[in-house]
Amino acid sequence: MIFVSRQNNRRAVCAAGVTKQPLSQSQILQLACASSGIKNAFGMEISIKDACRNGEISMEIILNAAQAKAVDTYSIEHKKIPSIVLMERAALSVTDRIVKLAAEKDIYDVKVLCVCGHGNNGADGVAVARQLNERNISCDILPVGNSDKKGTAEYELQMQIADNLDIKIRNTADFNEYNIIVDAIFGIGLSRDIQGGYKQIIDAINMFRKNENGYVVAVDIPSGVNAADAHIMSCAVKADITVTFGYNKIGMVMYPGADYCGKIYVENIGFAPNAYIHSGVSARLITREDIHTLPKRDVHGNKGTFGRTFIIAGSENMGGAACMSALSAYRSGNGLVKVFTHINNRNLILSHVPEAIIECYDDYNEYNAIESAQLAKELEKSIDWSDCVIAGPGLSMSKRAKEIVECMLNKMAVAKDKTFIIDADALNIISADDRLREKLKKCSIDSISDGSCEINGYDKNIIITPHIGEMARFTNKTVDEIKMNPVNCACEVSKKYGVICVLKDARTVIADNDDVYINTTGNAGMATGGSGDILTGIISGMVNDAAAQRKLVEAAAIGVYIHGMAGDFAKNRYGETSMKAMDIAQELPQIFKDYR
């Protein structure tokens with residue numbers, strides 16, 4: 001679960017200069033809350049602290065390591081906010097969380113140990129120790145690493161202040177003497193595997209955490225988690241709480257890094273306003289607030305104005321996929337839904353989704369040109385009727401299914417005003433045939449005005465929704481290669497094929513070129529047959545929600561969030577083990593009732 005501090009980010013630029021002399025606590029606080037020269041709506045000059053409350057910030061922004069560093073550099077070098085000011089604000093946010101943690105856990109005799117590396121993350125930890133001692137909370141400092149090696153300027157300054165204030169600095173420590181350990185060893189800049197003494201310290205911290213009354217608080221990111229891609233650098237601290245600064249980090253949202261963070265608190269520490277814009281950031285975390293952007297239904301609308309979705313789904317033995325896609329499409333606001341399915345599925349669909357319009361096809365043993373022409377004509381007519389086309393759920397890899405997919409691709413080349421959602425077997429059929437793969441790519445490129453996929457795809461009209469295995473087949477990569485960096489993989493496919501890529505996994509990534517959304521809703525109970533079929537119907541509802549006037553990638557992202565949210569509702573009702581895909585669809589009415 002991620003908790004976000006809703007402080008705002010029209011932050012003031014500190015006018016104070018940088019001093020080379022050691023600063024006292026009061027001097028640092030004066031810098032942190034100095035007059036900014038900024039006036040509020042009433043013409044009154046306000047402090048940095050007050051200025052932070054007066055603007056708006058999209059706290060859904062997610063940064064990788066390089067982008068987070070760029071935000072820091074921009075604030076310090078271009079806006080002249082002293083790094084010591086940012087550091088003090090960062091430490092204060094950690095200190096406040098420790099105090100709250102102690103209160104929540106009823107720890108009366110609080111004893112804290114800050115385990116600090118020699119970089120700026122360690123400097124944050126030293127500052128936390130000073131602030132806790134000032135609040136009469138016992139806190140020692142344990143520096144780790146090569147004692148002969150000089151630390152960063154900020155670390156040396158913080159250590160000098162701590163020494164001047166007689167804060168206990170330990171050479172060794174028995175972790176069992178403490179009830180809270182602060183992990184300030186490595187920050188977001190870690191790029192190498194952890195070995196030697198550092199690994200021993202991290203192992204000892206993790207062993208301490210197994211104690212009934214032992215808690216670990218990580219500063220900015222748990223040491224050992226790669227902020228860029230969530231990999232574990234041979235070992236990592238397992239935290240109960242992670243207090244991160246300014247913006248969330250990709251390495252803390254994606255797995256396996258997310259497993260090491262505990263509760264995440266994103267705290268405003270006074271970075272320059274909108275500094276993330278200068279970092280090249282392009283990732284967002286979808287939140288419940290995005291669901292509140294869903295518009296009310298038009299009181300003057302009718303079943304035609306609320307969108308028509310045409311679903312190509314359900315082979316001879318997979319009729320349930322068509323049912324689930326159709327049901328979730330209706331539950332997500334579509335006015336009309338038509339299903340093109342194998343003739344064996346007619347009665348099944350009529351009994352479960354009687355509102356659906358049904359067209360059927362049959363298998364054949366030998367090629368029949370007349371029959372194929374009639375099939376193509378029926379498909380083209382239904383695509384013309386629709387606003388959104390879903391293709392693939394339960395379609396199979398049969399000869400007839402391949403013919404249907406190729407007919408759809410031929411129509412896609414000219415149906416630029418339609419949205420196509422390509423899922424499951426439709427995607428598998430394309431993956432298995434280079435000719436169809438090129439057709440897909442040509443459809444996408446031709447739909448973009450300048451003929452290039454390498455642009456921000458406002459004109460894109462194709463969404464693909466592979467899970468990791470389907471993505472492996474589509475890209476000719478291994479599952480492990482995709483899991484190494486799913487964000488990059490989704491972006492590469494989006495650029496190469498001119499599509500919006502919804503890469504489904506425990507953390508689903510939605511990519512439109514480098515415009516990335518990451519979803520954190522959902523649970524392991526959704527790893528069950530039919531869950532993806534439900535998703536296609538939900539996305540179609542968001543796509544056809546014309547009143548929202550949102551970009552297609554945003555419609556896909558919100559659809560993914562709602563899908564995971566419905567899965568979480570189903571988990572609460574049935575548990576992860578017993579829930580099934582149709583349970584997810586049955587939770588949709590409550591979500592739209594509460595949030596629309």
Side-chain angles (χ1 to χ4, degrees), residues 291 293-314 322-341 345-346 349-361 375-393 404 407-408 411-423 426 443 447 458-463 465 500 533-556 558-559 562-563 585 588-589 591-593 595-596:
I291 308 305
T293 66
L294 295 175
K296 299 291 184 183
R297 300 228 337 158
D298 184 359
V299 295
H300 302 291
N302 57 62
K303 60 187 177 183
T305 60
F306 292 125
R308 297 181 175 96
T309 289
F310 176 49
I311 301 174
I312 304 169
C323 286
M324 287 183 280
S325 184
L327 177 63
S328 61
Y330 267 125
R331 289 298 194 191
S332 300
N334 278 282
L336 289 167
V337 175
K338 181 187 288 189
V339 181
F340 186 74
T341 189
N345 302 326
R346 173 186 288 275
I349 295 172
L350 284 173
S351 63
H352 286 83
V353 195
E355 302 87 351
I357 305 165
I358 301 178
E359 291 185 352
C360 297
Y361 68 88
L375 175 72
K377 185 176 180 181
E378 290 174 3
L379 282 170
E380 289 178 7
K381 183 178 178 180
S382 291
I383 290 172
D384 286 337
W385 168 88
S386 70
D387 300 299
C388 179
V389 178
I390 296 170
I404 290 170
C407 287
M408 180 195 68
K411 183 63 176 177
M412 278 173 60
V414 295
K416 305 305 181 185
D417 59 334
K418 317 294 182 185
T419 297
F420 292 83
I421 302 171
I422 303 177
D423 181 53
C443 289
S447 72
Y458 290 109
D459 296 320
K460 290 176 182 174
N461 67 328
I462 301 170
I463 300 170
T465 58
I500 291 163
D533 306 328
I534 301 293
L535 175 61
T536 60
I538 298 173
I539 292 177
S540 75
M542 299 304 98
V543 167
N544 283 339
D545 190 3
Q549 296 183 334
R550 62 172 66 91
K551 293 193 298 180
L552 192 59
V553 65
E554 294 171 347
I558 290 174
I562 291 172
H563 178 248
L588 293 173
I591 290 174
F592 288 112
K593 178 183 176 183
Y595 291 94
R596 189 160 207 153

Calculate, to the nearest 0.5 Å, the distance between atoms [atom1] and [atom2] belonging to [X] and [Y] respectively.
X: Ile383; Y: Arg308; atom1: CD1; atom2: CZ; value: 15.0 Å
X: Asp545; Y: Ile558; atom1: CG; atom2: CD1; value: 9.0 Å
X: Ile538; Y: Asn334; atom1: CD1; atom2: CG; value: 11.5 Å
X: Leu588; Y: Ser328; atom1: CG; atom2: OG; value: 7.0 Å

What closest approach, in Å, do [X] and [Y] show between heavy atoms, and which atom pair accounts for it?
X: His352; Y: Pro354; result: C-CD, 3.5 Å
X: Met412; Y: Cys443; result: CB-SG, 3.8 Å
X: Ser540; Y: Ile390; result: CB-CD1, 3.9 Å
X: Val339; Y: Ile349; result: CG1-CD1, 3.8 Å
X: Glu355; Y: Tyr330; result: O-OH, 2.8 Å
X: Ala391; Y: Met408; result: CB-SD, 3.3 Å

Checklist line | Chi angles and distances behind the side chain to side chain contact (heavy atoms under 4.5 Å, CB included) call for Tyr361, Glu378 | finding: CA-CA 10 Å; Tyr361 68 88; Glu378 290 174 3; 5.9 Å; no

Below 4.5 Å, heavy atoms only, C-beta onward: do [X] and [Y] meet side chain to side chain?
X: Thr419; Y: Asp387; result: no
X: Phe306; Y: Asn544; result: no
X: Ile312; Y: Phe420; result: no
X: Val543; Y: Ile463; result: yes
X: Cys407; Y: Glu380; result: no
X: His563; Y: Ile534; result: yes

Check: Can you check side chain to side chain contact (heavy atoms under 4.5 Å, CB included) on Ile562 and Tyr595, steps first, answer last?
Finding: CA-CA 10 Å; Ile562 291 172; Tyr595 291 94; over 6 Å; no

Next item on the list: Apply side chain to side chain donor-acceptor pair (under 3.5 Å) to Thr536 and Asp423, showing your working.
Entry: CA-CA 8 Å; Thr536 60; Asp423 181 53; 5.2 Å; no

Next item on the list: Taking side chain to side chain contact (heavy atoms under 4.5 Å, CB included) as the test, write out the residues that go with Ala313, two or more places apart.
Entry: Ile311, Ala322, Pro393

Check: Is there a side chain to side chain contact (heavy atoms under 4.5 Å, CB included) between Phe310 and Lys418 once you walk through the steps?
Finding: CA-CA 10 Å; Phe310 176 49; Lys418 317 294 182 185; over 6 Å; no

Check: Are any side-chain N or O atoms of Asp533 and backbone N or O atoms of Ser325, one a donor and one an acceptor, separated by less than 3.5 Å?
Finding: no

Next item on the list: Answer yes or no: is there a donor N or O on one side and an acceptor on the other, between the side chain of Arg331 and the main chain of Phe592, under 3.5 Å?
Entry: no

Next item on the list: Please name the residue in the list Glu359, Lys411, Lys377 that meets the side chain to side chain donor-acceptor pair (under 3.5 Å) test with Ser382.
Entry: Glu359

Next item on the list: Could you walk me through whether Leu375 and Phe340 pass the side chain to side chain contact (heavy atoms under 4.5 Å, CB included) test, one step at a time?
Entry: CA-CA 11 Å; Leu375 175 72; Phe340 186 74; 3.3 Å; yes

Notebook entry, point to check: Among side-chain atoms of Asp298 and Thr305, is any donor-acceptor pair under 3.5 angstrom?
Noted result: no

